[in-house]
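Hydrogens, waters and symmetry mates are skipped; everything else that's a heavy atom, side chains included, is used.
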Number of protein chains: 2
Amino acid sequence: MDGSLEALDVIERQTAVLVRHFEMFYRRTDIHDDLDRAEYLLLRTLSEVGPQDINTLAAALGLDPSTAGRQVSALDRQGLVARAPAANDRRRSIITPTAAGLRRMEAVRTARAESLADLLGGWTEEELHTLGAMFTKYNGAVARKFLAGAAEEPVTAATR
Amino acid sequence: MDGSLEALDVIERQTAVLVRHFEMFYRRTDIHDDLDRAEYLLLRTLSEVGPQDINTLAAALGLDPSTAGRQVSALDRQGLVARAPAANDRRRSIITPTAAGLRRMEAVRTARAESLADLLGGWTEEELHTLGAMFTKYNGAVARKFLAGAAEEPVTAATR
DNA sequence: GTTAATATCGGCATTATACCGATGAATGTC
DNA sequence: GACATTCATCGGTATAATGCCGATATTAAC
C-alpha cells in the first residue's frame, strides 16, 4: 500500500497544479473569447448526446439547473441553441444546438486541439494515448461518484 | 499521425470535462472551506521551495503579481504566512509560511489525498502511478510553455 | 538628486457557479 | 373541475479566483 499512497500524493499535488494550469491556459489564449468554457462543454455535450431538456442536461454536466438554464439562455441569445417544448410534456423545454452553435463549437474544438498539439508536440503517440486514457479514466471515476444516473456511462466521461 | 490526432481529440475533450470535474469536486466537498485552492497551492509551493519574494512566487505560480500579493495578504491576515523585508534588498518582501500555515496546508493535503483514495479506490497501484506520471508530464509541458524561468524545472511541475 | 524597482493596496471587471425564490404554464391526481 | 405538483424562466445574492490598471511609499541604483 506504500506505493499507492505515494502515487496518491503525486496525484493530489498534480491535480492542484492542474487546476492552476487550466486557468492559465484559459486566460492566456484567445480560444475561449467567443465561447467560454462552460458554454463550449454544454454545446459539445448537446452535439454528442442530442437534444435534452434542461434538467437532464444539468445532471449530465453536474450543474445546478438554474446554472444550466442561465448558460442555455446566454447561448439562446447568441442563436447557438434553440428551445422548444417537448412533444410529450410541454412543461419541458428541449434544447437543441443550432447550426451556428455547432459551427462555433467546432471552431473552438479545432483551436483547442491545435493548441494541445503545440503544447504536446514532443510527446510520442503512445504517450498521447496514455494521457488521453488516463484523463478519461479519471473523469469516469469522478462522474460515477458525483453525477446522477451514473449507473450507465456518464455523459461527461464518454470517450467521444 | 492519424493516431496522434485521435489521441489529441480525446485529450482535448477530456480536459474540457476535467475542468468541470475539478470544479464539481471543489464545490461538493468541504475540503477547501478553510483554505481555498489558490491559497492551498501557494502555501504548498512555499513549503516546498522555501521563502520567496512576491514576484518570484507569482512567476512560479503563473499569477499576476497583484493577484499573488492579494493572496499573500489574505494568508497574512489569517496568520498563515509572514512577511519580512529581504536582507539584501529591503524593497523586497520575503514570504514565509508560518507553523499554523503549514499545519493548515497539511490538513488540506491529507483531506485531499483521502478524498482521492476514495475516488480512485478501485484502481491498481500501476494505474495510480501512471495517472500521477501523466498528470506530472502534462503539467511539465504546460509549465515549460507558460511559466517564466522554465529553463530549469518549473516549480509547479515538480514531482514532490 | 533623480530615476527605477518593489510591494501594498484597491478599483474595476470577468468567469462560473450555487442557492434561493417568484412566476406562469402545463401536467397529474383525486 | 379543483387542487397540487412539475418544469422552466428569470433574476437576486453571493462566492472564488483572476487580470489589468494605477496610486503610493519605501528602497536601491546611478
Side-chain angles (χ1 to χ4, degrees), chain A residues 16-42 51-59 61-77 81-95 146, chain B residues 16-42 51-59 61-77 81-96 108 146:
Chain A
V17 171
L18 253 185
V19 172
R20 177 88 269 285
H21 283 185
F22 282 139
E23 190 70 21
M24 249 186 347
F25 172 84
Y26 175 71
R27 287 172 182 271
R28 297 187 185 194
T29 66
D30 57 5
I31 289 174
H32 284 286
D33 279 4
D34 295 326
L35 194 60
D36 67 42
R37 285 177 291 184
E39 289 167 347
Y40 171 66
L41 186 59
L42 193 148
Q52 302 283 317
D53 67 273
I54 294 264
N55 265 307
T56 305
L57 192 56
L61 294 168
L63 291 175
D64 186 83
S66 73
T67 304
R70 220 184 285 255
Q71 286 175 14
V72 165
S73 292
L75 290 171
D76 189 2
R77 284 192 293 272
V81 296
R83 287 190 274 206
N88 58 335
D89 182 350
R90 294 179 59 76
R91 293 171 304 182
R92 292 184 186 280
S93 196
I94 301 296
I95 315 301
F146 289 106
Chain B
V17 171
L18 254 184
V19 170
R20 177 89 270 285
H21 283 183
F22 282 139
E23 189 71 20
M24 250 188 343
F25 172 85
Y26 173 72
R27 289 173 179 269
R28 299 189 184 191
T29 65
D30 57 6
I31 290 176
H32 283 287
D33 279 4
D34 295 328
L35 194 61
D36 68 41
R37 286 176 290 183
E39 289 168 346
Y40 170 66
L41 187 58
L42 192 147
Q52 304 283 316
D53 67 271
I54 294 267
N55 265 307
T56 306
L57 192 57
L61 294 168
L63 290 175
D64 186 84
S66 71
T67 304
R70 219 184 291 254
Q71 287 177 14
V72 165
S73 292
L75 290 172
D76 188 1
R77 284 193 292 272
V81 297
R83 286 191 272 204
N88 58 335
D89 182 350
R90 295 178 57 78
R91 293 170 303 181
R92 292 182 187 281
S93 195
I94 301 296
I95 314 301
T96 305
V108 172
F146 290 105

Exercise for the section: Please report the C-alpha distance between E23(A) and R37(B) in whole Å, then the side-chain angles of each, then the deciding distance to 0.1 Å, and finally whether the salt bridge (Lys or Arg N to Asp or Glu O under 4.0 Å) criterion is met. Expected result: CA-CA 12 Å; E23(A) 190 70 21; R37(B) 286 176 290 183; over 6 Å; no
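- The nearest heavy atom of DNA chain C to R92(B) and to T67(A) marks one nucleotide each, and the one closer to the 5' end goes with R92(B).
- The CG-P distance, from D76(A) to dG11(D), rounds to 13 Å in whole Å.
- Protein atom CG of D64(A) is 16 Å distant from nucleotide atom P of dG11(D), rounded to whole Å.
- Nucleotides of DNA chain D nearest to Y26(B) and R70(A) differ in position, and the one nearer the 5' end is that of R70(A).
- Between the side chain of S66(B) and the base of dC20(D), a donor-acceptor pair under 3.5 Å is found.
- Ring-plane geometry between H32(B) and Y26(B) is classed as tilted, the angle between the planes lying from 30 to 60 degrees on a 0 to 90 degree scale.
- The interatomic distance linking E39(B) (CD) with dT15(D) (P) rounds to 14 Å, in whole Å.
- A straight line from CG of D30(A) to P of dG19(D) spans 17 Å, rounded to a whole angstrom.
- Among the nucleotides dT15(D), dT18(D), dA28(D), the one closest to the side chain of R90(B) is dA28(D).
- In this structure a side-chain-to-backbone donor-acceptor pair under 3.5 Å is missing from T56(B) to Q52(B).
- When rounded to the nearest whole Å, the span between CZ of R77(A) and C1' of dC10(D) equals 10 Å.
- The distance from atom CZ of R28(A) to atom P of dT18(D) is 11 Å, rounded to the nearest whole Å.
- In this structure, F22(B) and F22(A) have tilted ring planes: the angle between them lies in the 30° to 60° band.
- The separation between H32(A) atom NE2 and dT18(D) atom P is 17 Å, rounded to whole Å.
- Close approach of DNA chain C to chain A, defined as any atom under 4.0 Å from a non-hydrogen atom of the protein, starts and stops at dT15(C) to dT27(C).
- Going from atom CG of L63(B) over to atom CG of L42(B) covers 7.5 Å, rounded to the nearest 0.5 Å.
- For the pairing with D53(B), the salt bridge (Lys or Arg N to Asp or Glu O under 4.0 Å) check across R83(B), R91(B), R92(B) returns one residue only, R92(B).
- Taking each heavy atom of A38(A) and Q71(A) in turn, the nearest pair found is CB-NE2, 3.3 Å.
- Regarding M24(B), its CE atom lies at a distance of 23 Å from the P atom of dT15(D), rounded to whole Å.
- Remark: R27(B) is not in phosphate contact with dA16(D), judged by side-chain N or O atoms under 4.0 Å from OP1 or OP2.
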